[in-house]
Amino acid sequence: MGYDFKNIEKKWQAHWSKNQTFKADNNSKKPKYYILDMFPYPSGAGLHVGHPLGYIASDIYSRYKRHKGFNVLHPQGYDSFGLPAEQYAIQTGQHPSKTTQENINRYREQLDQMGFSFDWSREVRTSEPNFYKWTQWIFLLLFDHYYCNTSDKAQPITRLIKRFEKEGNQFLNAVSDAGTPYFTSKDWNGFSQIEQQDLLLNYRLAYLSETEVNWCSDLGTVLANDEIINGVSERGGHQVTKKKMKQWSMRIGAYAERLLQGLEKIDWPESLKEMQRNWIGKSTGAKVLFQIEGHENKIEVFTTRPDTVFGVTFMTLAPELDLVQDITHPEQKEAVAAYIDETQKRTQRERMADVKSCTGVFTGSYVLHPFTQERIPIWIGDYVLADYGTGAVMAVPCGDQRDYDFAKHFDIPIKNIFKDISIENEAFTDKGTALIDNSDFLSGLSHKEAMKRVIHELEVLGCGEGTINYRLRDAIFSRQRYWGEPIPIYYKDKLPQPLKLKHLPLKLPEVEKYLPTPEGAPPLGNAVTWAWDSQNEKVVENKLIDHQIIFPLELNTMPGWAGSSWYFYRYMDAHNPDAFVGKEVVEYWKEVDLYLGGSEHATGHLLYSRFWQKFLFDINLLPVEEYAKKLINQGMILGTSAFVYRKPGTQTYISLELINQYEKLEPIRVDANMVNSADELDIDIFRKWQPQFENADFKFNNRVFKVGREVEKMSKSKHNVVNPDEICEQYGADTLRMYEMFLGPIDQAKPWNTAGISGVHNFLNKYWRLFHEGDKFIVNNDQPNKKELKILHETIKKITYDIEHFSFNTCVSKLMICVNELTALNCHSRMILSPLTLLLSPFAPHLASEIWKNLGNESTIDYIDFPIANETYLIEDTKNYPVSFNGKMRFTLELSLSLNNSAIQKAVLQDSRAVEYLNGKKPKKWIIVPNKIINIVY
RNA sequence: GCCUCGGUGGCGGAACUGGUAGACGCGCUGGAUUCAAAAUCCAGUUCUUUCGGGAGUGUGGGUUCGAUUCCCACCCGAGGUACCA
């Protein structure tokens with residue numbers, strides 16, 4: 001009987017579960033260490049081989065930390081609200097909670113199978129009322145606070161009201177909506193309740209505002225950009241337009257600067273921080289006001305180059321600005337309307353991606369230049385985006401390439417304001433070199449000087465000021481979906497009223513259908529029991545609504561990122577009924593020490609959660625301002641997707657070898673399981689796959705239909721998921737764990753392939769054979785020799801170093817080398833094999849546990865101290881190694897890898913050729929690469 | 001388009017601060033063992049060659065005594081791009 005992984009794994013998994021081996025204590029004499037995984041969304045396809053990559057890595061680290069004497073918190077849960085369960089519900093009528101529960105059961109089975117050391121007693125699910133109660137509560141807190149720029153933190157809205165009563169808002173330094181009017185205390189006190197509440201919404205951190213969404217009238221629903229392909233809906237291919245809707249938003253913009261500053265304090269990958277910095281997009285410049293000719297309003301623009309203000313020859317507005325309607329000249333109305341219509345059909349991404357075509361329309365109106373009073377034509381153009389800056393740009397064609405192209409295309413004059421620079425062929429965008437010219441008081445100044453001067457002049461004139469702009473937009477928080485957290489708000493006189501903590505959780509109501517209502521209201525509009533009885537403080541039936549005591553409840557739900565923005569605190573105190581996390585508990589665990597997850601969350605989850613953290617910190621609910629000290633990105637495991645190519649509007653599919661003969665084919669993803677390894681599609685299965693393919697017609701040569709292949713993110717929606725189950729079945733969890741680590745560096749994306757898995761499996765077999773001959777346990781008590789000790793200690797040193805640097809692939813290699821060497825030496829000494837088993841334990845915990853027990857140890861291996869490398873076994877006598885001297889100043893030595901530098905220096909200086917070369921001088925600088933080459937500079 | 005990351009044998013990858021490129025594993029070739037197979041073990045394996053050598057880390061340049069590593073330009077792939085999570 002050899003290495004019987006099936007029984008071993010079953011046995012130890014049962015043991016861990018029964019003894020609650022990995023249950024973390026909320027107080028301990030040991031130092032604490034919190035290792036967090038990004039929790040999975042339980043999709044219908046089950047766990048795929050990409051999920052465990054990060055989980056294996058964090059599990060290895062958790063087990064290592066336990067061996068190192070830490071009180072490790074390593075929890076797991078489910079991000080269980082989400083679109084796929086809802087879509088499945090729409091198709092089948094099955095309640096998303098049922099689907100979700102089934103998927104979770106499957107996930108749990110798969111996770112258990114891999115021997116993860118999670119503390120399952122702390123499991124959380126975002127879709128559980130006991131969890132989302134607190135998500136709703138945090139929403140209410142956000143609703144109840146505003147951002148004060150003076151104290152630079154969130155403050156209660158009651159404080160704001162007091163200020164308004166005393167002095168209005170003229171001297172207030174707080175973050176608010178653009179265009180919030182000024183009022184005095186007298187004004188405020190004269191306002192009606194409704195007016196006051198309306199104004200307060202301009203300050204609340206969770207607030208209502210008009211925002212644009214992708215509206216599909218045929219489906220009667222709002223679509224995510226993800227659900228739109230080539231401008232039409234993915235489902236059914238219907239047209240999608242932009243529509244304004246009143247939606248909840250989060251004032252994340254208030255935290256832009258702190259989110260930026262906070263990055264300096266955390267140990268996250270530099271690339272990810274850079275992404276967040278760019279996403280926040282801080283830029284310094286100026287606001288400039290342009291008077292509209294014959295109109296009382298002014299247009300405000302933001303520019304990073306106010307120094308080029310004399311080069312302005314036109315102005316461009318984003319087509320969707322309301323202002324456009326106001327200012328369009330009657331003669332241009334038609335053209336403008338047509339253009340706006342056209343842009344509404346394009347997604348923002350298309351607009352940004354498209355730099356070649358240059359489109360726009362003249363509005364027929366003019367603004368006046370603040371300094372020269374020249375008339376400047378106002379255009380609209382879709383290269384200007386409504387939600388960046390003010391949605392308006394002062395166009396300086398000589399200094400900006402897009403403005404330049406636009407001017408050339410529409411034959412608008414270009415004014416050169418750079419001294420001795422030709423703008424014949426392109427704009428001049430360099431800030432450093434040229435002097436400003438042709439610019440009144442700015443002429444002859446450098447960029448830097450001109451910036452200062454022009455801002456001063458603008459402020460004097462009252463036509464602008466220096467300002468900082470952030471690209472970061474406030475986050476839309478409403479979703480027209482069923483399967484999300486209900487927003488704990490009801491509407492009285494159309495104004496939002498918050499529920500109170502004691503009313504929470506506000507549970508999701510039952511609905512007949514998960515689609516929007518026929519009137520286009522969100523799915524919660526289908527609920528019969530969805531009104532708020534403010535007197536009895538409970539949810540009642542809609543038909544009772546009287547707008548006196550019983551009011552309509554909010555129909556939108558929260559987005560996926562709501563629950564995931566704080567879930568890591570719930571793990572600390574998962575069952576606390578009185579608080580989202582207990583004060584003492586959070587004082588103990590404080591923060592996540594290591595967070596492991598994919599970089600695809602860089603500007604989503606990882607930014608939103610930092611925002612909520614800062615808010616909760618501001619109001620003294622959390623002890624730290626950043627929740628994750630260190631973050632490691634695991635690279636994605638990529639899957640191989642398969643594509644068929646359809647002639648648009650038909651059911652004709654073209655085989656890969658023929659696609660060049662057709663124009664404009666639509667690539668459609670098909671389930672990779674319907675395709676064999678030679679890229680041939682099983683046509684019959686394809687026809688049965690989805691009703692739309694039933695009558696598919698195929699065109700192909702050579703008797704087989706070939707699909708196209710593409711490597712991309714592994715995901716159910718891309719139909720390219722590979723399950724870990726078969727591998728567990730065939731090779732065992734320990735093999736899978738080691739193989740996934742062996743695939744390559746943890747942070748690198750890599751396509752899944754199982755080609756090398758037998759090598760890892762062989763290694764575990766070999767490891768087993770170090771201890772066994774047939775059924776006989778052959779470990780002896782021999783004293784190990786020097787060579788064996790050296791192998792062991794080199795391995796300890798390398799493994800310890802590599803685990804701490806998250807280089808798990810090289811750990812596996814090193815273990816393989818070690819086992820090969822010990823096998824060759826026929827070493828079966830307990831004094832070698834016992835510590836070696838500890839080294840293996842984080843990687844292959846089942847096998848290590850079994851062997852540890854067989855070695856006669858009473859306690860299990862899980863909390864045994866990790867071995868420490870003893871340097872004395874590594875340093876060797878250098879006298880016997882040759883030192884070769886080749887020419888100028890280069891020495892080649894054959895030395896032990898782990899020899900220290902001073903020993904090498906000593907060896908070199910004893911060599912006669914070096915003595916001759918140095919001629920009595922002392923080397924100034926040594927460049928030593930062990931086992932390789934030494935440069936001596938003198 | 002923009003932001004971020006990556007590109008090394010037939011394949012996954014290694015190479016610590018710029019210092020013998022290809023560790024380790026897969027695959028392949030040959031051998032041992034076996035009635036045979038599996039398993040196991042041993043040897044070989046970047047390409048090319050007239051067997052002297054020559055070329056070689058996506059492409060083209062640059063810095064350096066020396067570049068997979070640093071700099072510039074480009075090509076290709078992946079992730080994100082604000083309602084997938």
Side-chain angles (χ1 to χ4, degrees), chain A residues 2 38-43 79 81-84 87 213-214 221-228 247 252 269-279 281 347-356 383 387 402 471-481 484 559-561 564 598-605 607-608 633 635-636 638 710-713 715-718 739 742-745 747-751 753-760 762-763 765-766 769 801 805 807 809-810 812-817 820 823-824 887-890 892 897 927-935:
Chain A
M38 286 185 186
F39 59 170
Y41 172 77
S43 94
D79 190 8
F81 272 134
L83 202 50
Q87 276 174 345
V213 294
N214 301 309
T221 186
V222 175
L223 296 176
N225 282 341
D226 213 49
E227 297 173 283
I228 303 170
Q247 305 212 74
I252 188 173
E270 203 42 53
S271 61
L272 190 137
K273 289 201 223 173
E274 191 61 19
M275 267 193 257
Q276 292 208 347
R277 280 187 205 111
N278 291 329
W279 189 256
T347 66
Q348 190 163 325
R349 204 177 305 170
E350 282 173 335
R351 280 168 62 179
M352 284 189 294
D354 184 6
V355 286
K356 283 172 216 123
Y383 77 98
D387 36 29
R402 283 166 312 174
R471 203 180 72 101
L472 181 70
R473 298 204 303 263
D474 281 351
I476 299 171
F477 199 70
S478 295
R479 296 291 182 272
Q480 291 69 42
R481 311 281 185 195
W561 57 267
S564 61
S599 63
E600 69 269 28
H601 299 281
T603 53
H605 160 62
L607 200 58
Y608 296 133
N633 283 133
M636 246 171 295
L638 305 173
E710 218 168 285
V711 170
E712 56 184 356
K713 181 176 169 177
S715 142
K716 191 188 180 216
S717 61
K718 300 194 196 304
Y739 181 61
F742 189 58
L743 266 177
D747 55 352
Q748 216 166 87
K750 47 210 158 242
N753 88 79
T754 53
I757 200 158
S758 63
V760 174
N762 286 346
F763 158 75
N765 270 311
K766 258 187 225 172
R769 285 201 302 275
Y801 182 88
H805 292 80
S807 176
N809 55 331
T810 51
V812 180
S813 291
K814 186 64 194 175
L815 285 167
M816 286 177 174
I817 295 168
N820 279 343
T823 307
K888 264 193 159 177
M889 50 177 184
R890 195 177 298 177
T892 308
L897 189 82
I927 303 164
I928 296 172
V929 181
N931 212 22
K932 287 184 182 167
I933 285 168
I934 295 164
N935 284 350

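Worth knowing before you read on, the calculation uses all heavy atoms, side chains too, and leaves out hydrogens, waters and symmetry mates. Naming: A, B, ... by sequence-line order, numbering from 1 per chain. Just so we're clear, the structure is a prediction, and the values are computed from it rather than from any experiment.
Distances from the side chain of A/K766 to the nucleotides B/C41, B/U4, B/G12 place B/C41 closest. Among the nucleotides B/A14, B/C83, B/G12, the one closest to any side-chain atom of A/T810 is B/A14.
Across the protein-nucleic acid pair, A/L223 atom CG and B/A82 atom C1' stand 16 Å apart, rounded to whole Å.
In terms of phosphate contacts, A/R473 brings no side-chain nitrogen or oxygen within less than 4.0 Å of OP1 or OP2 of B/C83. Between A/N820 and B/G25, a side-chain N or O to OP1/OP2 separation shorter than 4.0 Å is present. Residue A/N762 places at least one side-chain N or O closer than 4.0 Å to OP1 or OP2 of B/C26.
Under the 90° criterion around 0 for the glycosidic angle, B/G9 counts as syn. Base orientation of B/G52: syn (glycosidic angle within 90° of 0).
Side-chain contact between A/E712 and A/M636 is absent, with no heavy atoms from C-beta onward closer than 4.5 Å.
Residue-level contact check: A/P745 touches the backbone only, with heavy atoms under 4.0 Å from sugar-phosphate atoms and none from bases. Counting non-hydrogen atoms under 4.0 angstrom, A/Y41 reaches the backbone sugars and phosphates but no base.
In this structure B/U69 sits in no base pair that meets the Watson-Crick or G-U test at under 3.5 Å.
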Which letter, B, S or -, goes with each nucleotide of nucleotides 68-81 of chain B from 5' to 3', with contact meaning a protein heavy atom under 4.0 Å? ----------SBSB

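Nucleotides B/A67 and B/G60, compared at atom P, are 15 Å apart to the nearest Å. Comparing the same atom, P, in B/C26 and in B/G7 gives a spacing of 24 Å after rounding to whole Å. Taking atom P on both nucleotides, B/G58 is separated from B/C11 by 13 Å, rounded to a whole Å.
No donor-acceptor contact under 3.5 Å links the side chain of A/E274 to the base of B/C5. Judged by atom type and distance alone, A/R277 does not reach the base of B/C3 through any side-chain donor-acceptor pair under 3.5 Å.
Ring geometry, A/Y801 versus A/H805: the interplanar angle falls under 30°, so the pair is classed parallel (tilted spans 30 to 60°).
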